[in-house]
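Okay, so here's the structure we're looking at.
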Number of protein chains: 2
Amino acid sequence: MDVSGRTYPQLALDAQLCFPLYAATRAVTKRYVTLLKGTGLTYPQYLVMLVLWESDEPLSVTSLGQRLRLDSGTLTPLLKRLETAGLVRRERDPGDERRVLVSLTEDGRDLEEQVSDVPQELGASMGITRDEALALRDQLTELVDHLDTADSARG
Amino acid sequence: MDVSGRTYPQLALDAQLCFPLYAATRAVTKRYVTLLKGTGLTYPQYLVMLVLWESDEPLSVTSLGQRLRLDSGTLTPLLKRLETAGLVRRERDPGDERRVLVSLTEDGRDLEEQVSDVPQELGASMGITRDEALALRDQLTELVDHLDTADSARG
DNA sequence: CACAACTGTATTGCGCACAACTTAATCGCG
DNA sequence: CGCGATTAAGTTGTGCGCAATACAGTTGTG
């Protein structure tokens, strides 16, 4: 942690934001493994289910991807696993055969009740108040917005 | 985003901290791809190099793993790629043949100067002040500490 | 010294992420 | 209508993360 005397002190691991961010995501994901045990879901699969539970309509792969910022290379195999698990259906849109519509099965819908306590349990594991969590959420959301424009703009 | 009328409003994607955290990490990683282009490093490889640049001594795989919270299943192939790239050496510790000591080559050491502007460039992409970044860093560090104890304690 | 317990690293297998590419369907424009 | 451009999803290949396992080397104990 002693950064004095280094040629490039800004490169110290503990001086940067990126590492705690990276570590926090992995720690949260690891906690979800425990919390989702019994549902058979991975954390990315859980996120997909969250989006589907929010939606009244079947969603295309692209719209799921826009919501979660994931592309078809990630979603297609993930959705196939959810289909194999019997939680979702994948059907070509009759009105546009390029699109695949993803909808919940009865089992998929039923799973929502089983995970309804997960957010609160995770919150308890994080050791911060609800207000702190919401403030952090907003800061990170802003960060994502900036980074998205930054990377496309500055190349 | 309208959460009213849902049976489980706490499951709304936008109500939770986990998703912005996950999205922010991926956005940062994506930005690093651009910033590290020319070094040949991936973001996790860059983190390993940060730790090695900080150290005067060769480090074992385990001590690298403790610093970065990564295990040998992740580090071994990553270090082999860094070795192939000519940036590090991997040698068994003569004093304890179980251990593999990782040290920088001349090329590896030289790379530090090439990335010395990366932290500042990333900071500029995030659209937050240095103080905000440091506050965020500290909050996330605390989060990680809590989650680590939570997952081992509550199983 | 013998040997069980432990430690450090490597290997295997699975599931993301994502870039790059392919294929099929649709759209737009003359 | 014909046909090039665009769009949507799927495929391929690379590199993490990490649990589970294997295994060689080391340590502790009698």
Side-chain angles (χ1 to χ4, degrees), chain A residues 19 22-34 36-37 40-48 58-66 68-85 88 90-102 148 151-152 155, chain B residues 19 22-34 36-37 40-48 58-66 68-85 90-102 144 148 151-152 155:
Chain A
F19 177 61
Y22 163 79
T25 296
R26 287 186 293 124
V28 166
T29 302
K30 200 176 288 189
R31 186 85 186 103
Y32 270 114
V33 171
T34 305
L36 295 175
K37 188 160 293 180
L41 293 173
T42 66
Y43 174 53
Q45 290 168 13
Y46 167 74
L47 291 178
V48 168
L59 294 174
S60 69
V61 174
T62 298
S63 52
L64 270 171
Q66 285 171 346
L68 296 173
R69 297 165 184 271
L70 293 170
D71 71 359
S72 67
T74 301
L75 285 174
T76 296
L78 189 157
L79 290 168
K80 284 182 178 174
R81 284 186 284 270
L82 288 179
E83 187 181 36
T84 302
V88 307
R90 295 165 62 250
E91 296 156 320
R92 289 278 164 188
D93 183 347
D96 183 344
E97 290 280 346
R98 291 172 304 180
R99 293 162 38 110
V100 166
L101 296 178
V102 181
D148 275 6
D151 201 55
S152 47
Chain B
F19 177 60
Y22 164 78
T25 296
R26 285 188 292 126
V28 166
T29 302
K30 200 176 287 189
R31 185 84 186 105
Y32 270 113
V33 171
T34 306
L36 294 175
K37 188 161 292 179
L41 293 174
T42 65
Y43 174 54
Q45 289 169 12
Y46 167 74
L47 291 178
V48 168
L59 294 174
S60 69
V61 174
T62 298
S63 52
L64 271 170
Q66 285 171 346
L68 297 172
R69 297 165 183 271
L70 293 170
D71 72 358
S72 68
T74 301
L75 285 174
T76 295
L78 188 158
L79 291 169
K80 284 182 178 174
R81 284 185 284 270
L82 288 179
E83 187 180 37
T84 301
R90 295 165 62 248
E91 296 155 319
R92 288 280 164 185
D93 183 346
D96 183 344
E97 291 280 345
R98 291 171 305 181
R99 293 163 38 115
V100 168
L101 295 178
V102 181
V144 172
D148 276 5
D151 202 57
S152 46

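All values below were derived from every heavy atom in this structure, side-chain atoms included, with hydrogens, water molecules and symmetry-related copies excluded. Because the structure is a prediction, the values reported are computed rather than measured.
Of the side-chain N and O atoms in B:K80, none sit less than 4.0 angstrom from OP1 or OP2 of D:dC16. Phosphate contact (OP1/OP2 of D:dG10, side-chain N/O of A:T76, threshold under 4.0 Å): present. OP1 and OP2 of C:dT9 both lie 4.0 Å or more from every side-chain N or O belonging to B:R90.
When rounded to the nearest whole Å, the span between CG of B:L82 and C1' of D:dC16 equals 13 Å. In this structure, the CG atom of B:L41 is 13 Å from the P atom of D:dG15, given to the nearest Å. When the C1' atom of C:dA10 is taken as reference, atom CG of B:L64 falls 15 Å away, rounded to whole Å. Separating the CZ atom of B:R92 from the P atom of C:dT9 is a distance of 7 Å, rounded to the nearest angstrom. Put simply, NZ on A:K37 is 14 Å from P on D:dC18, counting in whole angstrom units. Rounding to whole angstrom units, CZ of residue B:R98 and C1' of D:dA22 are separated by 16 Å. In this entry the distance linking CG of A:L75 with P of D:dG10 reads 10 Å, nearest Å. The distance from atom CG of A:L101 to atom C1' of D:dA8 is 11 Å, rounded to the nearest whole Å.
When heavy atoms are screened at a 4.0 angstrom cut-off, B:S60 is found touching the sugar-phosphate backbone but no base atom.
Among C:dA10, D:dA9, D:dT26, the nucleotide with an atom closest to any side-chain atom of B:D96 is D:dT26. Residue A:E97 places its side chain closer to C:dA25 than to any other of C:dA25, C:dT9, D:dA9.
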Can you name the atoms? Protein N/O to nucleotides 13-19 of chain C N/O, anything below 3.5 Å, with the distance.
from, atom 1, to, atom 2, distance (Å)
C:dC16, OP1, A:T42, OG1, 2.7
C:dC16, OP2, A:Q45, NE2, 2.7
C:dC16, OP2, A:R81, NE, 2.8
C:dC16, OP2, A:R81, NH2, 3.0
C:dC16, O5', A:R81, NH2, 3.0
C:dA17, OP2, B:Y22, OH, 2.5
C:dC18, OP2, B:R26, NH1, 3.0

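Looking at which nucleotide of DNA chain D each of A:R99 and B:G95 is closest to, the 5′-most match is held by A:R99.
Checked by distance alone, B:T62 brings no side-chain donor or acceptor within 3.5 Å of a matching partner on the base of C:dG8.
A:Y32 is not listed as a side-chain neighbour of A:L41, based on a closest heavy-atom distance of 4.5 Å or more. Residues A:L47 and B:F19 have side chains in contact (heavy-atom distance under 4.5 Å, counting atoms from C-beta outward).
In a base pair of the Watson-Crick type (N1 to N3 plus N6-O4 or O6-N4) or a G-U wobble (N1-O2 and O6-N3), with each distance short of 3.5 Å, D:dG30 is matched with C:dC1.
In this view, A:R98 and A:D96 satisfy the salt bridge (Lys or Arg N to Asp or Glu O under 4.0 Å) rule, not counting sequence neighbours. Listed by chain and residue number, A:R90 satisfy the salt bridge (Lys or Arg N to Asp or Glu O under 4.0 Å) test with A:E83 (two or more places apart in sequence, or in another chain).
Annotation for A:L75 and A:V61: closest pair CD1-O, 3.6 Å, computed over non-hydrogen atoms.
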- Task: Report the C-alpha separation of B:R69 and B:V144 in whole Å, then their side-chain angles, then the decisive distance to 0.1 Å, and conclude whether the side-chain contact (heavy atoms from CB on, under 4.5 Å) test is met.
- Result: CA-CA 11 Å; B:R69 297 165 183 271; B:V144 172; 3.5 Å; yes
- Starting from the C-alpha separation in whole Å, work towards a yes-or-no answer on side-chain contact (heavy atoms from CB on, under 4.5 Å) for A:V48 and A:V88. CA-CA 10 Å; A:V48 168; A:V88 307; 5.8 Å; no
